[in-house]
Structures are given as C-alpha cells and as structure tokens.
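Here's the structure, in structure tokens; my notes come after.
Lettering follows sequence order; numbering is per chain, from 1. Computed from a predicted structure; not experimentally measured.
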Number of protein chains: 4
Amino acid sequence: MGEVKTPEPSRRSERSHQAILTAAVELVGEVGYARLTIEAIAARAGVGKQTIYRWWPSKGAVVLDAFVSLSGGNEPAALPDTGDLEADLKMVLRATVEELTDPRFELPSRALTAESQSDPALSQQFVEAVLRPHLTAIQERLRAAQRAGQVAKGVDLSVAVELIVGPLFHRWLLRTAPLTKAYADTVAELAVAALRPASRKPRG
Amino acid sequence: MGEVKTPEPSRRSERSHQAILTAAVELVGEVGYARLTIEAIAARAGVGKQTIYRWWPSKGAVVLDAFVSLSGGNEPAALPDTGDLEADLKMVLRATVEELTDPRFELPSRALTAESQSDPALSQQFVEAVLRPHLTAIQERLRAAQRAGQVAKGVDLSVAVELIVGPLFHRWLLRTAPLTKAYADTVAELAVAALRPASRKPRG
Amino acid sequence: MGEVKTPEPSRRSERSHQAILTAAVELVGEVGYARLTIEAIAARAGVGKQTIYRWWPSKGAVVLDAFVSLSGGNEPAALPDTGDLEADLKMVLRATVEELTDPRFELPSRALTAESQSDPALSQQFVEAVLRPHLTAIQERLRAAQRAGQVAKGVDLSVAVELIVGPLFHRWLLRTAPLTKAYADTVAELAVAALRPASRKPRG
Amino acid sequence: MGEVKTPEPSRRSERSHQAILTAAVELVGEVGYARLTIEAIAARAGVGKQTIYRWWPSKGAVVLDAFVSLSGGNEPAALPDTGDLEADLKMVLRATVEELTDPRFELPSRALTAESQSDPALSQQFVEAVLRPHLTAIQERLRAAQRAGQVAKGVDLSVAVELIVGPLFHRWLLRTAPLTKAYADTVAELAVAALRPASRKPRG
DNA sequence: ACTTAAACGAGACGGTACGTCTTGTCTTGCC
DNA sequence: GGCAAGACAAGACGTACCGTCTCGTTTAAGT
C-alpha cells in the first residue's frame with residue numbers, strides 16, 4: 001500500500017521491506033514522528049537509504065505503511081447488531097476512545113493526521129486505509145437500524161457517521177477536554193436522538 | 001500572547017516584533033508552513049535570528065502569534081439570537097465552512113492543527129486563542145436555547161458544542177468528503193434534533 | 001591489454017567489449033575523467049555494469065584500454081635518422097608537443113597520468129603501453145648517434161632519453177610555462193650539447 | 001592561501017581553520033588522498049562540514065593549504081654557491097630526490113600533482129606555493145654561474161632549470177625507473193655539460 | 001539439434017560520500 | 001549595550017555511484 005513510483009516490484013526484497021516497516025514502527029515509538037529520520041530508519045533496518053527512497057515518496061508514506069502493517073489484521077469488519085443501536089454505538093465509540101488513547105496507536109495516528117494536513121495524497125491513503133473501514137462498519141450498522149425503523153428514512157448515513165465520530169475526533173485532535181468513555185456514551189446518546197424518526201418537529 | 005521565556009520584555013523592540021509577525025504571515029502564505037524557516041522569517045523581517053529565538057520557543061509559536069495578530073480584532077463575540085436555534089446554527093456553521101475554506105485561513109489553520117499534534121503546549125494556546133471564542137459563542141447560544149426550552153434540560157452544553165462543530169472539523173481535517181454549506185445545514189438540523197427535549201427516547 | 005582477472009576470455013562478447021571502449025572514449029571527452037562513471041559507461045554502451053567489472057579492475061583500466069585502442073595503430077616505430085641528431089630530436093619533440101597539446105589526447109593522457117599517481121599497477125601499464133614505445137624509439141636513435149660518435153661513449157642512454165623528454169613533461173604536467181615548439185627546440189639543442197663527446201672539461 | 005570565495009574573512013575562526021588543516025594532514029597520511037573525505041576531515045577536526053565548504057572550493061584546495069602549512073617555514077631560500085656548479089646542483093638534486101622519496105611528502109605531493117591535472121586553478125596555486133621557490137632558487141644559482149662564465153651567455157635560464165629538474169620529475173611521476181641519487185648525479189653532470197659555454201657545437 | 005554453463009542486460013541492494021540546508025548557539029562589530 | 005549579521009557545530013536531506021548480488025535471457029561449445 002503506498003507505492004506509486006516506477007521500479008519493478010517483483011524484484012523487491014521482501015526482507016528489506018519488512019525490516020523498514022519494523023524499524024519505522026519502533027523508532028516512531030521511541031523518538032516520535034518529528035524526530036524520526038529516514039537515515040535512522042535505514043540504519044535500524046540495515047538498509048541503504050536509497051532502498052527507502054526507491055519505494056516510498058516521503059517519510060509520511062513509510063510511517064503510514066508501517067502503521068497499516070502494524071494494525072494489519074484487525075479489520076473492524078462489522079459492528080455487532082444486538083438490535084439496540086445506542087448500545088452498539090456506545091460499544092464501538094468506547095473501543096474507539098480506547099484505541100485513540102492507546103499510546104501504541106496514538107503517536108502514529110496523530111503524526112499521520114498532522115502530516116495529512118500538508119500532504120493531500122497521504123491524507124487520501126490514510127483515510128482509505130485506516131479510517132474508512134471503521135466508518136463503513138458504522139454506516140452498515142446504521143443502515144440496518146434505518147431498515148429497522150430506528151433511524152429516520154431521509155437521513156444521509158454518510159453524514160450520520162460523521163455526526164457520530166466527529167465529536168470524538170474533535171476532542172482528540174484539538175484537546176478541548178479529556179477524551180473519556182463517558183463522553184463517548186453521551187455522544188452516542190445524542191446521536192441516536194438526532195437520528196430517531198421524528199415524533200413531531202416542534203419548530204414551526 | 002505566546003512568550004513564556006525569560007528575557008526582560010520591557011526592552012523588547014516593538015518594531016522587530018511586528019516585522020517578524022508580518023514576515024511570518026507573508027511567508028506562510030508564499031511557501032506554506034512546511035517550507036517556512038526561521039532564517040527566512042528573520043531575513044524578510046530584517047532581524048537577527050536570535051531575536052526570534054529570544055522571544056518564541058518554536059516556529060509554531062511564531063506562526064500562532066502571527067495568525068492571531070492577523071485575525072486579530074474579529075472576535076466572534078456572540079451569535080445572533082433570532083429565536084430560531086436551527087437557523088442561527090446554520091448561519092454560524094456556514095460561516096465556519098467559509099472560513100475553513102478560505103485559503104487565507106486554511107493553510108495556517110491546518111499547519112497549526114498539525115503542529116499541535118506533536119506540541120501540546122502549542123495546542124493549548126491555539127485552542128484557547130483561536131478556537132475557544134467560537135466554541136464559547138455557540139455554547140452561549142445553546143444556553144439561551146436551553147433556557148427557552150428548545151434544548152433538553154439535562155444536556156451537557158460543552159458536549160453539545162462539540163456535537164455541532166465536531167462533524168465539520170472531522171470532514172475538514174480528514175477530507176473524508178467535500179466540506180460544503182449543505183453539509184453544514186444537515187449537521188445543524190441533526191444537532192438540533194439531538195438536543196430537542198421532545199419525547200424521551202421511546203426505547204425502554 | 002589490461003585484463004588480469006579470471007573469466008574465460010573465449011566467451012567474451014566482442015560487441016560489448018568494443019561498445020564499452022567506445023563509450024568510455026566518448027564520455028571522457030564529454031564530461032572529463034573525474035566525472036566519468038562506470039554506470040554512465042555501462043548505460044551508454046548498453047551493457048550491464050557487471051560486464052565492465054568482470055573484465056576491468058578499475059575505471060582507470062577501462063580508460064587506459066580505451067585510450068590505447070584509440071591511438072591504436074600509430075606506433076611510433078622508429079625515428080628517422082637523417083644523420084643530424086639535433087634535427088631529428090627537434091622533429092620528434094615538436095611532434096610530442098603537438099600530441100600533448102591536442103585535446104583529443106591531452107585529456108585522457110592527463111587523467112591517466114593523474115590516476116597513475118595513486119595506482120602503481122595502472123602506472124606500469126600506462127608507461128609500458130603508451131610511453132615506452134616513444135622512449136624506446138628515441139633511445140634507438142641515440143644509440144645510432146652514439147655509434148656515429150655524436151654522443152659520448154659513457155652516456156647511459158636511458159638517462160639521456162629522460163633528459164630529453166623530462167623537461168617537456170615537466171612543463172606539460174606542472175604548467176610552469178606554455179608548452180611550445182620553441183621550447184622543444186631549445187630543449188633539443190641543450191640535450192645534444194649535453195650528450196656531445198667532451199672536447200674538454202674546463203672544470204678542474 | 002587558497003580562498004577566493006565570498007565570506008568575510010575577519011570573522012573566521014582561527015581555531016577551526018587550524019584544526020581543519022591539522023586533520024587534513026593527519027588523514028592524508030593515514031588513508032591517502034583518494035580515500036580522504038571532507039566528512040572525515042570535518043569529524044576529525046570537530047567542525048561542521050559547512051565550515052570547510054565555506055572557505056575552500058575543493059578537497060584539493062584543503063590539502064594544498066594543509067601541505068603548505070606543513071612544509072611552512074622551510075623555504076629553500078637560496079642554494080649554496082661553492083663556486084662548483086656541478087657539485088651544488090648535485091647537492092640540490094639529491095635533496096630533491098630525498099624529499100620526493102620521503103613518504104611524508106611523497107603522498108600529498110603525488111596527490112596534488114594528480115589533482116592539478118584536472119584542476120588548473122589548483123595547479124597554479126600548487127606550482128606557485130610549492131614548486132616555484134625551488135625553481136627560483138636553482139635559477140638564481142644558475143644566474144651566478146652564468147655571470148661567472150660557467151654557463152653560456154645565451155642560455156634561457158628558465159629553460160635550463162627545467163632541463164635540470166624535468167628528468168627527475170619525469171622519473172618520479174611516470175615511474176620509468178627507480179629515482180636514485182646516482183640518477184640525480186648523472187642528470188646534474190649532463191645538465192652542466194649542456195650549459196657549459198665551451199666550444200660552440202662543432203656540427204656546422 | 002540439444003544441452004548446458006558462461007556471459008550477458010538489467011537493475012535492486014547495502015553502503016559511502018557528496019554538497020546543501022536548517023537548526024539553535026555564539027561572536028563580532030556597528031550604531 | 002542592543003541588535004543585525006552571520007559564522008559556527010551538528011546533523012538530516014535527497015542524490016549519485018560504488019561494487020556486489022540476483023534475476024531471467026542469450027549465446028556458443030561440446031556434445
């Protein structure tokens with residue numbers, strides 16, 4: 001995931017490839033993303049710098065690949081569907097809070113989000129590889145709820161997903177307040193209320 | 001705003017101070033934050049590098065000060081209160097979309113958000129100086145609505161604020177989809193629905 | 001000329017061999033010896049790098065072979081013997097000046113002389129392949145002159161040869177002054193005077 | 001000696017300057033010129049690479065300065081004048097042979113001569129700083145001899161000097177044969193014979 | 001003609017050094 | 001005596017080549 005450049009990938013050394021990803025993961029944990037250097041990755045991986053530059057366009061791209069390979073298998077697949085939307089959402093949002101708070105994921109995630117601000121291509125890859133599966137899983141659960149009449153017919157589910165996760169990321173990224181499970185619960189409750197088919201709209 | 005270091009501030013050259021902020025604003029617009037250097041700011045401002053290092057701890061801090069001085073007076077003060085919460089929120093969210101899309105603000109904002117990921121001190125200053133006034137203004141409007149019975153009594157308004165702005169920032173920061181005024185409207189509608197007192201959720 | 005390594009020479013591709021020498025000659029003329037690279041020779045010759053490393057031990061060795069193949073046939077054979085030693089020497093020294101000044105020969109010659117300073121093996125090959133024939137030709141002419149009584153009996157002719165060509169190379173290599181045919185003539189006259197059988201030695 | 005570039009020399013750190021020259025001398029002795037790198041000089045000298053690139057245009061220029069500062073004071077001044085030209089020349093040529101054979105001088109000298117082949121500016125500086133004093137000293141001795149009637153009136157002394165030293169350098173640079181004191185003596189004898197006024201050549 | 005082992009082109013690899021750039025500190029000399 | 005100017009040590013950048021090492025693919029001997 002990530003290479004778009006020219007060289008013949010069949011001749012790629014899988015040994016070096018893995019060593020680079022491993023070294024990147026280790027080093028980003030040890031010194032942080034800002035003080036992470038290509039030279040250090042190459043040295044730690046026992047690899048020439050050119051081998052990194054040959055296959056990745058930037059430091060961010062290496063770290064993204066490393067991060068993806070790290071959180072490799074744990075595709076969130078689908079949310080459980082207990083029939084209780086609010087409970088299911090609370091579960092997934094609590095899990096999200098836990099992940100965003102786990103230092104193992106927090107540092108690389110913040111780094112990639114930061115890097116994405118100035119590198120739209122990286123941003124795209126980051127979202128598709130890391131974020132999209134989570135969003136899609138939630139959206140599928142919402143679709144089921146919509147079919148079950150727990151979510152109003154007219155709601156655009158892609159917006160609904162961001163209504164749910166947006167507040168969490170906002171607090172995480174901007175550190176407006178501590179990111180807790182209580183907050184996750186409150187957001188889930190409010191979101192469910194927002195999506196519920198209108199009993200009546202008292203506005204007019 | 002921003003200085004925390006030692007030297008005697010009374011002897012500070014206001015002329016150099018302003019020149020530095022101006023140069024930073026110009027340069028961040030010309031080359032972007034990533035390629036912005038302290039040396040270039042000093043050169044453009046006609047100032048010794050030491051004069052920058054003396055008063056600011058990092059490149060981010062200079063840019064934050066420059067950004068704040070740029071958007072100086074326009075404190076958002078308070079939201080209008082037309083009595084129609086949804087309409088008032090749509091107005092402020094549309095304005096927010098406009099600002100986040102305005103290249104004059106977008107680049108420095110993204111840069112400072114990115115830099116905040118690895119610099120919690122900067123993050124704190126950024127939030128307090130730039131973001132907090134907006135959040136507070138929205139929260140005040142919500143308090144009025146709560147008093148008017150348009151928002152449920154039990155709702156934690158600081159969470160409500162993030163429910164409203166979170167989805168916008170999520171889309172802006174992660175570029176999951178284009179950030180449009182239609183999206184702002186939808187978010188406002190859903191948020192109002194979430195906060196409405198109405199019948200408590202019919203689930204139990 | 002030059003190969004000392006192991007592989008079976010009968011299977012050598014003459015096509016590649018020639019292409020390499022041609023490419024080396026062209027490139028040394030285009031970019032000079034210092035900026036000449038094995039990679040560039042291989043690319044220009046349409047040859048794998050290994051094919052060069054297989055048959056030559058160093059860049060200098062390739063260029064030496066290329067240079068020898070360039071100045072291939074024109075073995076100086078023997079000097080003319082008009083009976084007038086001084087005239088014959090002037091002729092050969094003037095020709096030498098011309099060659100040392102001809103850009104076609106000057107650049108590779110200087111490069112190989114330079115390289116020889118740090119590579120005695122190359123030095124040996126260079127001297128034997130390029131220089132020795134010239135020196136030998138002059139020495140033969142001196143031997144004839146010695147037989148004819150124009151050169152003193154006791155003179156060591158190998159030293160005499162270097163007395164003649166040394167001053168030319170000195171000026172060429174060290175650029176102490178322009179290398180001209182007038183200088184060649186003067187050197188020839190002085191050398192002949194040095195070698196002439198002593199009328200008497202007015203020293204004692 | 002050597003700097004031709006822009007920066008203000010008054011602010012130059014004499015400490016770093018000396019450390020660089022010392023490191024260069026040491027390293028050229030330890031690993032030879034070809035394997036000498038700017039990086040190693042900087043590391044050994046405890047100096048940033050830029051400090052070298054700021055003040056010298058090339059590796060050769062650094063080594064030349066280092067070499068000159070090494071052989072700093074020992075200006076050859078003037079040759080002794082015992083009245084016996086041949087004896088005096090033998091003395092100086094033997095000394096030259098000794099110097100050219102002394103490893104302390106041989107390696108840098110060969111390196112600078114080699115480098116001069118592709119860098120005429122360096123060549124010029126090398127000749128003027130290192131070689132010219134020797135040549136001038138010999139030329140002065142020859143002038144005295146010419147006044148004393150031991151050298152023919154019409155002889156161009158600058159050519160005469162190269163007649164004397166050229167054969168030595170020829171053998172040293174091209175390694176046509178071992179460079180010995182016996183060779184130096186023979187060259188001196190032949191040179192004196194060449195320059196002697198005596199009976200004009202009996203040829204015409 | 002068939003086999004087989006080499007030499008071949010291509011080019012990825014681990015490395016080294018390049019010359020440039022930027023950082024944050026230190027120094028000099030002008031005003 | 002405060003400040004611009006800029007030299008300095010440090011070290012990462014991205015590039016260029018080095019010489020070695022696979023890869024298939026010719027190619028030429030020796031069957």
Just checking, is any N or O donor in the side chain of B/Thr37 or B/Glu39 under 3.5 Å from an acceptor N or O on the other one? no
How far apart are the C-alpha atoms of D/Trp56 and D/Ile20, what are their side-chain angles, what is the distance that settles it, and do they pass the side-chain contact (heavy atoms from CB on, under 4.5 Å) test? CA-CA 11 Å; D/Trp56 288 275; D/Ile20 289 164; 3.8 Å; yes
C/Leu122 side, atom CG; C/Thr113 side, atom OG1 - distance, nearest 0.5 Å: 9.5 Å
For C/Ser10 and for C/Lys59, find the nucleotide of DNA chain F with the closest heavy atom, then tell me which residue's nucleotide is more 5'. C/Lys59
A/Ile38 CD1 to F/dG11 P, in whole Å, measures 18 Å
Taking CZ from D/Arg35 and P from E/dA17, how many angstroms apart are they, rounded to a whole number? 10 Å
Given atom OH of B/Tyr53 and atom C1' of F/dC3, what is their separation to the nearest angstrom? 17 Å
Could one point to a donor on the side chain of A/Lys49 or the base of E/dG14 with an acceptor on the other under 3.5 Å away? no
Per-nucleotide protein contact string for nucleotides 2-9 of chain E, where B marks a base within reach and S marks sugar-phosphate only (heavy atoms under 4.0 Å, - for neither): ---BBSBS
5′-ward residue of the pair A/Thr37/C/Ala40 relative to DNA chain F: A/Thr37
Rounded to the nearest angstrom, tell me the gap between atom CD in C/Glu39 and atom C1' in F/dG19. 10 Å
Taking only residues two or more places apart in sequence or in another chain, which ones pass salt bridge (Lys or Arg N to Asp or Glu O under 4.0 Å) with C/Lys59? none
d(C/Trp55 CH2, C/His17 NE2) to nearest 0.5 Å is 9.5 Å
What is the distance, rounded to the nearest whole Å, between atom CD1 of B/Ile52 and atom C1' of E/dT25? 15 Å
Starting at atom CG of D/Leu36, determine the distance to atom C1' of E/dC18, rounded to an integer number of angstrom. 14 Å
Under 3.5 Å side-chain donor-acceptor pair for A/Tyr33 and A/Glu115: yes
Value in whole Å for how far the P atom of F/dA16 lies from CD1 of C/Ile41: 18 Å
